[in-house]
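As structure tokens, the structure follows; a few thoughts come after it.
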Amino acid sequence: SLAERANLAGVRHIVLVLSGKGGVGKSTLSTQLALALRSAGNRVGILDVDLCGPSIPRMLRAQDSAVHQCDSGWVPVGVGQDSAIALMSIGFLLERPDDAVVWRGPKKNALIKQFVTDVAWGDLDFLIVDTPPGTSDEHISTVEALRPHRLLGAVLVTTPQ
């Protein structure tokens, strides 16, 4: 739709951060990548679609932030030293940030699609997308929702064992 195109229209590059399993440091890498890109002078956003364990708000000390809505969707929370990184996380929408979300397929995929398209990002050089671990429907939903936009690529986090 036009609205969803508008919300990602100002995003120049999108980077998916993926892993085959949990606990390999994907959220840590997403956070560090965002901070590094920001310190290099880029406008950066992080989209945390890890429904099982949205840990990025805690990593950036933003777990108590509230998400507000505007005409074009959710307004990301400003995080980091100068609040210069735009963050949207499923964690902001849960009752308690430590709640794990147990949802089945279609509901999960609808949420991810809405999540990708309903955030008012404004102008960004990079949008880092922290995905759930594994290779599930959630990844397909995320990629399909992003497909009409500029997908820069993916960073795959593995373990050295």
Side-chain angles (χ1 to χ4, degrees), residues 4 7-8 10-63 65 67 73-74 76-81 83-94 97-101 103 105 108-161:
E4 58 191 66
N7 276 340
L8 285 162
V11 178
R12 289 182 47 213
H13 305 291
I14 300 171
V15 183
L16 292 177
V17 180
L18 307 154
S19 71
K21 62 184 202 130
V24 295
K26 195 167 29 55
S27 297
T28 303
L29 186 104
S30 296
T31 301
Q32 294 296 334
L33 188 57
L35 291 167
L37 287 165
R38 173 67 199 130
S39 69
N42 294 288
R43 293 162 303 176
V44 181
I46 305 175
L47 178 62
D48 180 8
V49 289
D50 188 348
L51 301 180
C52 308
S55 52
I56 290 184
R58 193 181 299 112
M59 288 179 183
L60 290 168
R61 295 201 181 98
Q63 64 268 43
S65 302
V67 173
W74 285 311
V77 172
V79 295
Q81 243 178 349
S83 294
I85 295 174
L87 171 64
M88 185 61 194
S89 170
I90 195 76
F92 296 143
L93 306 179
L94 300 177
D98 293 327
D99 286 355
V101 182
W103 286 327
K108 242 188 211 175
N109 297 334
L111 178 75
I112 287 174
K113 199 164 163 35
Q114 184 184 4
F115 216 58
V116 167
T117 56
D118 285 2
V119 180
W121 292 110
D123 291 330
L124 293 178
D125 295 307
F126 291 93
L127 177 61
I128 309 298
V129 183
D130 187 34
T131 66
T135 51
S136 64
D137 280 359
E138 290 140 74
H139 299 90
I140 296 167
S141 298
T142 304
V143 171
E144 278 177 357
L146 292 168
R147 185 170 285 144
H149 311 284
R150 297 167 210 67
L151 195 58
L152 175 67
V155 175
L156 196 58
V157 184
T158 62
T159 52
Q161 60 230 17

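Side-chain atoms are counted along with the backbone in the values below, which use heavy atoms only and exclude waters and symmetry mates.
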For a 4.5 angstrom cut-off between non-hydrogen side-chain atoms, does [X] reach [Y]?
X      : Y      : answer
Val77  : Val67  : yes
Thr117 : Asn7   : no
Ile56  : Val79  : no
Val15  : Leu37  : no
Lys26  : Thr131 : yes

Could you tell me the separation between the [atom1] atom of [X] and the [atom2] atom of [Y], rounded to the nearest 0.5 Å?
X      : Y      : atom1 : atom2 : value
Leu35  : Leu60  : CG    : CG    : 6.0 Å
Asp130 : Ser89  : CG    : OG    : 8.5 Å
Arg12  : Asp125 : CZ    : CG    : 5.0 Å
Ile128 : Leu87  : CD1   : CG    : 12.0 Å

Within the side chain of Arg58, is there an N or O that forms a donor-acceptor pair under 3.5 Å with the backbone of Ala62?
no

So which heavy atom on [X] is nearest to which on [Y], and how close?
X     : Y      : result
Pro57 : Asp48  : CD-OD2, 3.6 Å
Ala86 : Trp121 : O-CZ3, 3.6 Å
Ser65 : Phe92  : O-CD2, 3.8 Å

